[in-house]
Q: 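Right, I'll just put the structure down here and ask away after.
In this text, all values refer to a predicted model and were calculated from it rather than measured experimentally. Residue numbers run from 1 in the order of the sequence given.
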Amino acid sequence: MPKRAISSDKVFKSRLPFAQATVAGGFMFVCCVGTNREGKYAVGDARAQTQQCIDNIRALIEEAGGTLADVVKCTVYVTGREHWAPMNEVYFANFAEDPPHRVSCIVAGLGSPDCLVEIDATAYLGEG
C-alpha cells in the first residue's frame with residue numbers, strides 16, 4: 001500500500017531528512033516537539049512546549065484533511081517528573097472530549113537539551 005509524506009509550513013522543518021508526518025492505510029503517523037516555526041523552544045516551559053507540540057500535530061493533521069479529534073493514540077515523552085503535571089494540564093485541555101489512548105513516560109533526555117516534551121500521535125483519517 002502506498003504511503004505519502006505530509007508537511008506544513010506552519011511547522012518547523014528540520015534539516016535532517018525526517019518526514020514531518022506520513023499517511024499510510026488510512027492512518028497518519030506524526031511526532032512533534034515543542035518548537036515554533038523558527039525551530040525555537042519555550043525554554044524551561046513544559047506547558048508552552050506541550051501546547052506547541054499539539055499545535056504542530058494539529059497543523060499536520062489538518063494538512064492531511066483531518067482534525068485533532070481523529071487522533072486515536074499518543075505516546076508522550078517528558079524529561080522530568082516536574083514537567084508531568086504541566087504537560088497533563090495542557091494535554092487534557094486539548095483532548096477534553098473522547099481522548100485518545102495514551103502511553104506516557106519520563107525519559108532521561110530528548111534530541112535537544114531544551115526539549116522537555118515530545119508527542120508521537122497516530123490519527124485515523126479513513127480509507128481514501
Q: Which is it for Asn94 and Gln51 under the side-chain contact (heavy atoms from CB on, under 4.5 Å) test, yes or no, and what are the steps along the way?
A: CA-CA 8 Å; Asn94 282 273; Gln51 187 61 60; 2.9 Å; yes

Q: Going by salt bridge (Lys or Arg N to Asp or Glu O under 4.0 Å), name the pairs with one or both residues in residues 10-21, residues two or more places apart or in two chains.
A: none

Q: Give the minimum heavy-atom separation between Arg4 and Ala64, together with the two atoms involved.
A: NH2-O, 4.1 Å

Q: My understanding is that only residues two or more places apart in sequence, or in another chain, count here; which of them pass side-chain contact (heavy atoms from CB on, under 4.5 Å) with Tyr124?
A: Phe27, Val72, Glu127

Q: For the atom pair CD (Gln52) and OG1 (Thr35), what is the distance rounded to the nearest 0.5 Å?
A: 6.5 Å

Q: Can you run down the salt bridge (Lys or Arg N to Asp or Glu O under 4.0 Å) pairs that involve residues 99-115, sequence neighbours left out, and say none if there aren't any?
A: none

Q: For the residue pair Gly34 and Cys53, what are the closest heavy atoms and their distance?
A: N-SG, 3.4 Å

Q: How long is the straight-line distance from CD1 of Ile57 back to OG of Ser8, given to the nearest 0.5 Å?
A: 12.5 Å

Q: In terms of hydrophobic clustering (I, L, V, M, F, W, Y; side-chain heavy atoms under 4.5 Å; direct or indirect links), are Phe92 and Val78 co-clustered?
A: yes

Q: Only counting residues at least two apart or in another chain, list the ones meeting side chain to side chain donor-acceptor pair (under 3.5 Å) with Thr67.
A: none

Q: Mind checking side-chain contact (heavy atoms from CB on, under 4.5 Å) for Leu110 and listing every partner two or more places apart, or none if nothing turns up?
A: Tyr77, Thr79, Val107, Cys115, Glu118

Q: Can you name the residues that form a ring-ring contact (aromatic ring centres under 6.0 Å, His included) with Tyr91, not counting sequence neighbours?
A: Phe95

Q: Quick one: do Ile61 and Phe29 end up in the same hydrophobic cluster if we chain Ile, Leu, Val, Met, Phe, Trp and Tyr together by side-chain heavy atoms under 4.5 Å apart?
A: no

Q: Applying salt bridge (Lys or Arg N to Asp or Glu O under 4.0 Å) as the test, list every pair that has at least one member in residues 76-101; sequence neighbours left out.
A: Arg47-Glu89

Q: If every non-hydrogen atom of Val71 is compared with every non-hydrogen atom of Pro100, which pair is closest and at what distance?
A: O-CB, 3.4 Å

Q: Indicate the atoms forming the closest heavy-atom contact of Ala59 with Val11, along with that distance.
A: CB-CG2, 4.0 Å

Q: Can you list everything that forms a side-chain contact (heavy atoms from CB on, under 4.5 Å) with Lys40? Sequence neighbours excluded, please.
A: Asn36, Glu38

Q: Can you tell me how far apart SG (Cys31) and CD1 (Ile119) are? Round to the nearest 0.5 Å.
A: 9.0 Å

Q: Would you please test Tyr41 and Val33 for side-chain contact (heavy atoms from CB on, under 4.5 Å) and show each step?
A: CA-CA 9 Å; Tyr41 292 95; Val33 295; 3.7 Å; yes

Q: With sequence neighbours excluded, what pairs up with Ala48 under the side-chain contact (heavy atoms from CB on, under 4.5 Å) test?
A: Ala42, Asp45

Q: Which ILVMFWY residues can you reach from Leu16 by hopping between side chains whose heavy atoms are under 4.5 Å apart?
A: Phe18

Q: Which pairs count as salt bridge (Lys or Arg N to Asp or Glu O under 4.0 Å) when at least one residue sits in residues 50-63, sequence neighbours excluded?
A: Asp55-Arg58

Q: When you group the ILVMFWY residues by side-chain heavy-atom contacts below 4.5 Å and let the links chain together, are Phe12 and Val43 in the same group?
A: no

Q: Name the one of Thr122, Asp70, Leu60 that satisfies side-chain contact (heavy atoms from CB on, under 4.5 Å) with Met28?
A: Leu60

